[in-house]
Amino acid sequence: MKTTHGFSPRIEGFIDDYVKQLTAGTAALFAGAGLSRTAGFVDWVELLDRSARELGLETARGHDLVALAQYYANSVSRDRLNKAIVQRFAKKATLTESHKILARLPIMDWWTTNYDCMLETALQNANRVIDVKEKPRDMARAWPRRDAIVYKMHGDVRSPTDAILQTSQYESYAATHQAFVTALQGDLTTKTFLFVGFSFADPNLTHILAQLPYKGEREHYFFVKKASLKDFKKDGAKADEAYGYARALQDLRNADLKRYGITALEIDGFEQIPLILGEIERRYRRRTVFISGSAEEFAPWGREKAQTFLSNLSSALVRERFRVFTGFGIGVGTPVINGALKEIYGSPAVCSSDQLVMRPFPQTDPADPATVVLWREYRQKTLGECGVAIFVFGNKAGPRKGKTVDATGMQEEFEIALDAGVIPVPIRATGSMAGRFASALKRQSALSRNAPPAHSEVLKTLWDATEPDDIITAIVAFMNDIND
């Protein structure tokens with residue numbers, strides 16, 4: 001059975017749980033060779049295929065690949081294996097959609113057995129500050145202001161001599177890489193992992209899982225392509241038999257991983273993974289609200305009433321565990337910040353300082369063309385982290401004393417929101433540009449574009465509301481509704 005999103009109930013349950021873990025800061029990721037393979041890199045079978053043929057063997061026959069690497073090092077040389085690693089993993093590759101989405105998610109702990117640098121590239125492109133751990137001694141230092149740690153537990157293409165590849169290295173891993181073992185066991189105990197592109201054939205991870213002190217008490221997830229009859233067409237008359245065997249073996253293996261709390265997420269094809277990750281990102285972003293606006297003139301409410309509204313709105317959103325972004329708009333930013341801080345410091349056991357994100361605009365010459373480009377990029381980045389944008393007022397002091405003009409930056413933010421899939425919620429009662437945005441959307445019979453149609457009644461209540469308390473109640477109801 002599929003849900004309204006087209007995903008199975010099990011995958012829907014995973015998406016909801018992983019979004020909760022992201023919100024709580026307890027989500028982690030483990031990337032295997034399959035994730036990099038979609039970007040054009042090789043997996044272990046392809047890496048060792050040429051070496052196997054030199055030994056008169058075939059990787060297609062299901063040889064123990066770790067043992068095969070050891071045989072080659074014994075019979076030929078480890079140096080040749082090192083060169084193969086460099087040749088196969090040092091090339092530049094295009095990031096996949098899965099890499100890009102994952103890098104935008106607030107995951108702190110990234111584990112991988114891959115030698116390539118795809119994770120680091122994706123995180124750097126997402127403007128993350130990364131701390132890469134590729135050798136045991138790296139575990140003793142912490143990079144300043146890091147917001148992502150990449151644990152390359154089998155080494156890096158830039159140091160092929162140290163890469164974990166053959167049996168002797170696996171046998172001594174617990175002694176030579178004890179810091180990695182301890183850290184991974186700690187994360188598996190306290191974080192919820194998503195395994196992407198990982199086959200669970202790695203003996204290191206099997207050993208680490210077996211040593212967990214509280215096996216099965218925390219749920220983790222992994223994507224697995226469901227065995228399909230069409231995969232066995234090459235077997236001709238024996239296709240049904242081969243498929244039945246593969247399916248039975250897969251079921252037994254998935255059930256065995258449950259001993260460690262690892263749940264299989266069966267998919268029909270690997271092209272589904274970026275779709276699922278995209279839905280995770282959308283649902284996570286919907287818990288983040290950007291309050292866009294500026295006000296020199298507060299008609300029809302007046303300054304005191306308007307700023308009380310903004311402060312109470314921000315407090316209510318934080319109280320409901322949503323994150324609030326502000327760009328310090330004139331007349332709007334200060335009450336938004338004050339309201340959020342009031343709730344954060346007033347309820348420290350419930351609310352967190354992470355729920356308020358302040359993004360003041362760079363103070364450069366607005367007439368400079370470079371500033372125009374900089375500000376647009378700044379707005380795109382900010383709105384790219386949000387799922388909902390609330391628009392209030394929208395005016396600023398004009399060149400003539402006592403006269404106001406439209407806040408053109410707010411217009412740009414509205415357009416960016418529409419293009420980025422952010423749900424715009426203009427507050428009609430605040431007038432100015434926000435009022436015009438609301439009227440324009442109503443003429444399009446879409447009280448808020450990008451919002452699911454099922455929420456139109458809540459938005460209609462928001463359209464009709466004129467008093468601050470009623471507007472806040474409607475906004476909170478809308479936010480809870482789209483996140484339910």
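Nearest heavy-atom pair, V422 versus L383, reported as atom, atom and distance to 0.1 Å: CG2-O, 3.5 Å.
Here the two rings, on F200 and F222, have centers that are under 6.0 Å apart. Ring pair F7/F14: centre-to-centre distance not below 6.0 Å.
Of the possible donor and acceptor atoms, none in the side chain of D147 sits under 3.5 Å from a partner among the backbone N and O of R128.
For K135, the NZ atom is densely surrounded, since the number of other residues' heavy atoms within 6.0 Å is greater than 12. Counted within 6.0 Å of CZ on R141, heavy atoms from surrounding residues, nucleotides or ligands total more than 12; the atom is thus considered enclosed. Heavy atoms from other residues, nucleotides or ligands lying under 6.0 Å from CG of L95 number more than 12.
Considering only residues two or more places apart in sequence or on other chains, F391 meets the ring pair (Phe, Tyr, Trp, His ring centres under 6.0 Å) condition with F414, F437. For K381, the salt bridge (charged side-chain N to carboxylate O under 4.0 Å, His left out) partners two or more places apart in sequence, or in a different chain, are E385. Applying the salt bridge (charged side-chain N to carboxylate O under 4.0 Å, His left out) rule to R10 yields no partners; only residues at least two apart in sequence or on another chain are considered. Evaluation of the salt bridge (charged side-chain N to carboxylate O under 4.0 Å, His left out) rule for K20 yields no partner, not counting sequence neighbours. Applying the salt bridge (charged side-chain N to carboxylate O under 4.0 Å, His left out) rule to E412 yields the partners R376, R379; only residues at least two apart in sequence or on another chain are considered.
Note on ring orientation: taking the six-membered ring where Trp is involved, the planes of F195 and F30 are parallel (angle under 30°, cut-offs 30° and 60°).
Every pair passing side chain to side chain donor-acceptor pair (under 3.5 Å) that includes a residue from residues 116-126 is listed here, sequence neighbours excluded: S36-D116, E120-K152.
Between R321 and E343 there is no salt bridge, since no side-chain nitrogen of the basic residue lies less than 4.0 Å from a carboxylate oxygen of the acidic one.
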